Amino acid sequence: MAPPLLPQSSDRLPPAMCPPTRRAAAYEPHRAGVFGLPAVPASAGEARRTVRELLAEWGVTPDLREDTLLITSELVTNALTHTTSEWIVCRLHLTGQRLRIEVEDQNCGHAQPARRRPGPDDQNGRGLMLVGMLSSDWGVDETPQRSGRVVWAELPSEGRETAEPAPPTA
């Protein structure tokens, strides 16, 4: 089975391709990274390594980097544990105001991801609770073709270590 497709939406288009109403707003630099992984246990570690490299390249602060790595690890682990997907796709989007993490699976599981209330002796069930505590928002969406689902989380991106790049010139 082929990896899930990267859905296109206006918030993923380069600034020159955005509708005029979006271009009229203040320029917000946008960085994005996308990578696919086979749905095997080793992919959680590979996702963390790839995300760590992207965030370092983008100049993300260490605190935001650590929170993003933990959230990525939890979302990838959930996709590996609770679906029978052959592939998962990870996406990161960084704008001036937020960092969005998306993990797409092939929706081969029967239950939607939801927070649980684990007991003190339970070994599992704390992943989405951690995601909720570390992120400003999170949720689950179906892909446009209904061939999978995307579990996402957003964090504020303030406190970047590097200066913002200059807006593109005409």
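The shown structure was predicted, so the numbers you read here are calculated from the model rather than taken from an experiment.
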Give a yes or no answer on whether the side chain of Ser136 reaches the backbone of Glu154 with a donor-acceptor pair at less than 3.5 Å.
yes
Any side-chain heavy atom of Val51 sitting closer than 4.5 Å to one from Phe35?
yes
Would you compute the distance between atom CG of Leu69 and atom OG1 of Thr50 and round it to the nearest 0.5 angstrom?
10.5 Å
Just wondering, do Val103 and Val89 contact through their side chains at under 4.5 Å, heavy atoms?
no
Just wondering, do Trp87 and Asp105 contact through their side chains at under 4.5 Å, heavy atoms?
no
Roughly how far, to the nearest 0.5 Å, is OG of Ser73 from CG of Asn78?
9.5 Å
Verdict with supporting geometry, Leu155 and Ile101, side chain to side chain contact (heavy atoms under 4.5 Å, CB included)
CA-CA 9 Å; Leu155 297 101; Ile101 307 145; 3.5 Å; yes
Rounded to the nearest 0.5 Å, how far apart are OG1 of Thr68 and CZ of Arg100?
13.5 Å
Taking only residues two or more places apart in sequence, or in another chain, which ones meet Glu53 in a salt bridge (Lys or Arg N to Asp or Glu O under 4.0 Å)?
none
Non-neighbouring partners of Arg52 that pass side chain to side chain donor-acceptor pair (under 3.5 Å), sequence neighbours left out:
none
Find out whether Trp152 and Val140 are in side-chain contact, i.e. whether some heavy atom of one side chain is under 4.5 Å from a heavy atom of the other.
no
So, for Gln106 and Ser85, which heavy atoms are closest and what is the spacing to 0.1 Å?
N-OG, 2.9 Å
With heavy-atom distances below 4.5 Å as the criterion, would you say the side chains of Val34 and Cys90 are in contact?
no
Answer yes when Arg91 and Glu104 have at least one side-chain N-carboxylate O distance shorter than 4.0 Å, and no when they do not.
yes
Distance col, row Ser135:OG vs Glu74:CD, nearest 0.5 angstrom, shows 11.5 Å
If you take all heavy atoms of Ala39 and Leu80, which pair is closest and at what distance?
CA-CD2, 3.4 Å
Which pair of non-hydrogen atoms, one from Ala44 and one from Thr77, has the smallest distance, and what is that distance?
CB-OG1, 4.0 Å
Identify the heavy atoms of Ser43 and Leu37 that sit nearest to each other, and give their distance.
O-CD1, 3.5 Å
State the CD-CZ distance between Glu102 and Arg149, to the nearest 0.5 angstrom.
14.5 Å
For residues 34-48, the salt bridge (Lys or Arg N to Asp or Glu O under 4.0 Å) pairs (sequence neighbours left out) are Glu46-Arg49
Reported CD-to-CG distance for the pair Glu57 and Leu54, which is rounded to 0.5 angstrom:
6.0 Å
